[in-house]
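Single-structure report; data block below.
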Amino acid sequence: MSLEQCKFIDLPKISDPRGNLTFVEGGQHIPFPIQRVYYLYDVPGGAERGGHAHKALHQLIIAMSGSFDVVLDDGKEKKRIHLNRSYYGLYVCPMIWRELDNFSSGSVCMVLASNLYDEADYYRNYGDYISDLASLK
Ligand code: TYD
């Protein structure tokens with residue numbers, strides 16, 4: 001799994017003078033079924049989230065409100081991506097280390113995930129992640 005597989009996904013946007021509407025269908029607009037939704041909110045200025053990788057989880061990260069940065073790292077290269085719209089998301093495949101920071105005040109980060117929460121699916125130690133990456137090759 002590499003950074004090249006992580007990409008922006010444009011979501012359908014129904015523009016309307018009464019307010020816009022966006023929807024996401026698991027397996028249709030994103031390459032996995034949705035088993036879980038979680039969101040980060042009330043993030044204090046300067047806080048950092050993430051700091052882990054997942055073994056098998058696929059995710060779509062959306063800035064539902066405000067903005068923040070996602071730093072992706074596949075063990076070879078790192079990329080900083082700014083998210084600030086609710087009509088596209090960042091697809092993150094398994095085995096990618098990610099950090100989230102630079103949250104604007106009042107921002108909301110919504111994550112669509114392919115599986116239920118499972119602590120055993122996490123790498124919380126960067127060294128363990130890198131050594132498992134090497135052994136997968
Ligand atoms: P974590 O995934 O480390 O948060 P982030 O990556 O956004 O910084 O999760 C923080 C805590 O919340 C951790 O104790 C696990 C718990 N948690 C759940 O119980 N269910 C969930 O779906 C998620 C994402 C986290």
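Note that ligands are numbered from 1 as they come in the structure, with each ligand's atoms numbered from 1 the same way.
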Before accepting this row, confirm whether a basic side-chain N of the pair R80/D73 lies closer than 4.0 Å to the acidic partner's carboxylate O.
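Here R80 does not pair with D73 in a salt bridge, since their nearest N and O are not under 4.0 Å apart.
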
For ligand 1 and [X], I'd like to know whether there is a polar contact (N/O to N/O, distance under 3.5 Å).
| X | answer |
| --- | --- |
| L40 | no |
| E119 | no |
| Y117 | no |

Looking at ligand 1, is there an atom of it that comes within less than 4.0 Å of some heavy atom belonging to R124?
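The answer is yes: ligand 1 sits under 4.0 Å from a heavy atom of R124.
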
Okay, side chain of S104, backbone of G66: is any donor-acceptor separation there less than 3.5 Å?
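Not confirmed, S104 side chain does not pair with G66 backbone.
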
Determine if the distance from atom 11 (C) of ligand 1 to the closest protein heavy atom is below 4.0 Å.
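Within 4.0 Å of atom 11 (C) of ligand 1, no protein heavy atoms are found.
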
Tell me whether atom 6 (O) of ligand 1 lies less than 4.0 Å from at least one protein heavy-atom position.
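Looking at atom 6 (O) of ligand 1, one finds that a protein heavy atom does lie closer than 4.0 Å.
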
What protein heavy atom is closest to atom 4 (O) of ligand 1, reported as residue, atom name and distance in Å?
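Sorting protein heavy atoms by distance from atom 4 (O) of ligand 1 puts R49 NH2, 3.2 Å first.
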
Protein heavy-atom partner closest to atom 2 (O) of ligand 1 - residue, atom, separation in Å:
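So the nearest neighbour among protein heavy atoms is Y122 OH, 2.6 Å.
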
Could you please spell out the steps behind the side chain to side chain contact (heavy atoms under 4.5 Å, CB included) verdict for C109 and I61?
CA-CA 7 Å; C109 166; I61 304 176; 3.7 Å; yes

Donor-acceptor contacts, no H, no angles, side chain residues 9-17, under 3.5 Å, sequence neighbours left out:
{"unit_1": "D16", "atom_1": "OD1", "unit_2": "R18", "atom_2": "N", "d": "2.8"}
{"unit_1": "D16", "atom_1": "OD1", "unit_2": "R18", "atom_2": "NE", "d": "3.0"}
{"unit_1": "D16", "atom_1": "OD2", "unit_2": "R18", "atom_2": "NE", "d": "3.3"}
{"unit_1": "D16", "atom_1": "OD2", "unit_2": "R18", "atom_2": "NH2", "d": "2.8"}

Below 4.5 Å, heavy atoms only, C-beta onward: do Y117 and Y122 meet side chain to side chain?
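Counting from C-beta outward, Y117 and Y122 do come under 4.5 Å.
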
Please list, in number order, the atoms of ligand 1 under 4.0 Å from a heavy atom of R36.
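That gives atoms 21 (C), 22 (O), 23 (C), 24 (C) of ligand 1.
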
Suppose I only count heavy atoms of G50 and a 4.0 Å limit; which atoms of ligand 1 are within that range?
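Contacts of ligand 1 toward G50, numbered from 1: 5 (P), 6 (O), 8 (O).
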
Relative to each other, are the rings of H54 and H52 parallel, tilted or perpendicular (30° and 60° limits)?
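Perpendicular: the ring planes of H54 and H52 meet at over 60°.
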
Distance-only donor-acceptor hits, side chain of residues 35-44, under 3.5 Å, sequence neighbours excluded:
{"unit_1": "R36", "atom_1": "NE", "unit_2": "N115", "atom_2": "O", "d": "2.8"}
{"unit_1": "R36", "atom_1": "NH2", "unit_2": "N115", "atom_2": "O", "d": "3.3"}
{"unit_1": "Y38", "atom_1": "OH", "unit_2": "Q59", "atom_2": "NE2", "d": "3.0"}

